[in-house]
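Worksheet: one structure, shown below.
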Amino acid sequence: MTAYILQRLIQSVLVLLAVSIVVFLAVYGIGDPIELLVPPQVSAAERAAMIRRLGLDLPIWQQYLSFLGNALQGDLGRSFVHGIPAVDLILGRLPATFELVFLAMSLAAIVGVPLGLLVGLNPESRVSRAIMAGTILGFSLPSFWKGMMLILLFSVFLGWLPTAGRGETVSVLGIPISLLTLNGLKHLTLPALNLAIPNMALMIRLVAAGTAEAKTQDYVKYARAKGVRSKRIVGRHILRNILIPVVTVAGMEFGSLVAFSTITETVFAWPGMGKLLIDSIYQLDRPVVVAYVMLATLLFVAVNFLVDVLYAALDPRVKLTGEMA
Amino acid sequence: MTSPLLDVRGLKTVFHDLAGSWPAVDGVDLVVKPGEIVGLVGESGSGKSVTGFSLVQLIDAPGEIVAGDVLFNGEDLRQASEERLRSLRGDRIAMIFQDPLMTLNPVLTIGEQMCEAILEHRSCSREEAMKEASHALSRVGISSPDARLKQYPHEFSGGMRQRVAIATALLNKPDLIIADEPTTALDVTIQSQILFEVQKLSRETGTAVLWITHDLAVVAELADRVAVMYAGRIVETGTVDDVLDRPRHPYTLGLLSSSAATVAPGERLKQIDGAAPSIDARPSGCPFRPRCGRSLPLCAQIDPPAQVQADGHSYRCHNPVTEGSAL
Ligand SMILES: Nc1ncnc2c1ncn2[C@@H]1O[C@H](COP(=O)(O)OP(=O)(O)O)[C@@H](O)[C@H]1O
Ligand code: SF4
Ligand SMILES: [Mg+2]
């Protein structure tokens, strides 16, 4: 276990390093932020001073090295636009995104697992076919279009739910949460649903495939021969086996939604990290974009590790050893 | 004569495919008396497993039980409700499967999988169930059973897993255990240990056993009576002594000549020529005819009916083997 963790740590550092180089180069190539940051009426001398202050006059490798040096001390630069540390800016947006994704993934699991079981147990039934057809839609409709349709239906026609923003929040340990107020929950519903739909489809397919396979296994027949009731066979024997891939995929999806729910957050004007990323890219706020990608990478590394640990907890046959990774 | 525990008459189980319905079990008659050990023996593909599952009505599509009676303690299981069958399975009739690696759920503890066999049939606390499971494990020779109950199947060897399955089958003191080739995957030493223990447990608890195997040596060691199966039928049945010492059916004789148990060391084993016919290619008349050295013209036309001798020894053959004759 210790060897395993050590190995994972070294791997993670290498990944972060590689990503930092790629991102730094890519963002450097996007464009010159000075044009956007400096008002046109500023004198050439002031302009040069500003460039120097931001460190933009140095050669790229020096800029990278100083970025790396600062990053090692937890400083990923200051936002050009907001003037505060990029990390603080991003983390300030984390709770909004986190609760959105949390609700979306919960919805996906609560709806997806039972429906997947239903389909897997009776794949030929009419209901199952309808559900499977629905999953294709769930996968293939583009997120922004789905979002707009949801707004049209629930906000414009029915007038049930608001279209934008976080609504009321309550502060828990200093962190603002929408999930705990009725008004906040109303604001959360549509964007969460929008994020949840493709994941529901994914869950349904995953659980259905797992169930269809598991139900033909000898251990199911053996359980029946022991007189175990079908409720328990499905709820314990089958579900316990398919939980393993489900948790793995759900964990990965959770990570990628936290990092990249940009489209949904933009459509619903949800003030989360994804919206911040899009705004920063438009404004060529280089430090924020770089910091964002670094934090996202860190998140993925952490989620991967967590999923592996969970996997080992769920599957008694898996042991976390140095060699496995 | 004691009334039978299990009385099967004319059992027929078919498998459907696009081309038709093919009988895997084709008119099986079988009797098991209380407390007795019956061996069901035959080559692979002869329909032994399908027979075993048909007895407890565990046949899934594309299979279907289409004819016959399965009387268990006088109750016709073919007419029983699904809930009634569930309450019998694992309680009055327990099963042990061939592959102990596949039959235990890999992600549930042995303790949970043993306890559920109790808790689905009786109301008792989890602790009591665990205690019973632990006791059952020690009865089949598993040491430190309490620790073992917390482990998962992959932490057990093949022989140990099969002991777990036997212990599980014993939990509710069933009237009948159907054991489908439970020792086939194990090495010979462990196999005889298990046979010995099963025999002892059956004698102690009065549990009848239907032991399915392709190995006559196992039957000779373990059983009171034997039924020989070929192409979905019982072609010969009687006491182990009658059938193994004085076989009447040419197929039984062939099995005996190819069995290590009956051939003196150094002598060569004789295999029966040819292979058992698949269910969609059964010959007309006697299904053994293409492989039989004693066939008569009649054998091609008429499937021989069962001939029952006064001592209960019965066989299905137009030209039965007589004492001393060879295949
Ligand atoms: N699920 C199934 N689908 C189609 N045919 C089957 C199935 N199970 C068994 N059979 C057929 O029934 C025959 C008897 O099988 P089985 O009872 O397993 O034989 P045994 O246990 O004697 O080796 C096999 O030859 C096979 O063709
Ligand atoms: S009936 Fe005929 S073919 Fe069949 S076993 Fe007897 S002798 Fe052989
Ligand atoms: Mg078999």
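Order of the sequence lines sets the chain letters (A, B, ...), proteins ahead of strands, with each chain counted from 1.
In this structure, chain A has no heavy atom under 4.5 Å from any part of B:Val56. Neither the backbone nor the side chain of B:Thr109 comes within contact range of chain A, judged by heavy atoms closer than 4.5 Å. Neither the backbone nor the side chain of B:Leu171 comes within less than 4.5 Å of any heavy atom in chain A. In this structure, no portion of B:Asn172 lies under 4.5 Å from any heavy atom of chain A. Residue B:Leu58 touches chain A through both its backbone and its side chain, counting heavy-atom pairs closer than 4.5 Å. Looking at B:Gln113, the atoms closer than 4.5 Å to chain A (heavy atoms on both sides) sit in the backbone and in the side chain alike. Neither the backbone nor the side chain of A:Leu243 has a heavy atom closer than 4.5 Å to any heavy atom of chain B.
Rounded to the nearest 0.5 Å, atoms CD (B:Gln57) and CD1 (B:Ile65) are 4.0 Å apart. Summarising the geometry, atom CG belonging to A:Leu299 is positioned 10.0 Å from atom CG belonging to A:Asn304; distances are rounded to the nearest 0.5 Å.
Ranked by heavy-atom pairs under 4.5 Å with chain B, the list A:Ile244, A:Asn241, A:Val220, A:Asp315 is led by A:Asn241. If you tally non-hydrogen atom pairs under 4.5 Å between each of B:Met95, B:Glu83, B:Gln151, B:His154 and chain A, the highest count goes to B:His154.
Side-chain contact between B:Thr207 and B:Leu201 is absent, with no heavy-atom pair separated by less than 4.5 Å. With contacts defined as side-chain heavy-atom distances shorter than 4.5 Å, the pair B:Thr168/A:Tyr222 qualifies.
For the residue pair A:Glu265 and A:Thr97, a side-chain donor N or O sits within less than 3.5 Å of a side-chain acceptor on the partner.
For A:Tyr292, there are no side-chain hydrogen bond (donor to acceptor under 3.5 Å, both in side chains) partners, not counting sequence neighbours.
Across all their heavy atoms, A:Val301 and A:Arg8 have their closest contact at O-NH2, 4.3 Å.
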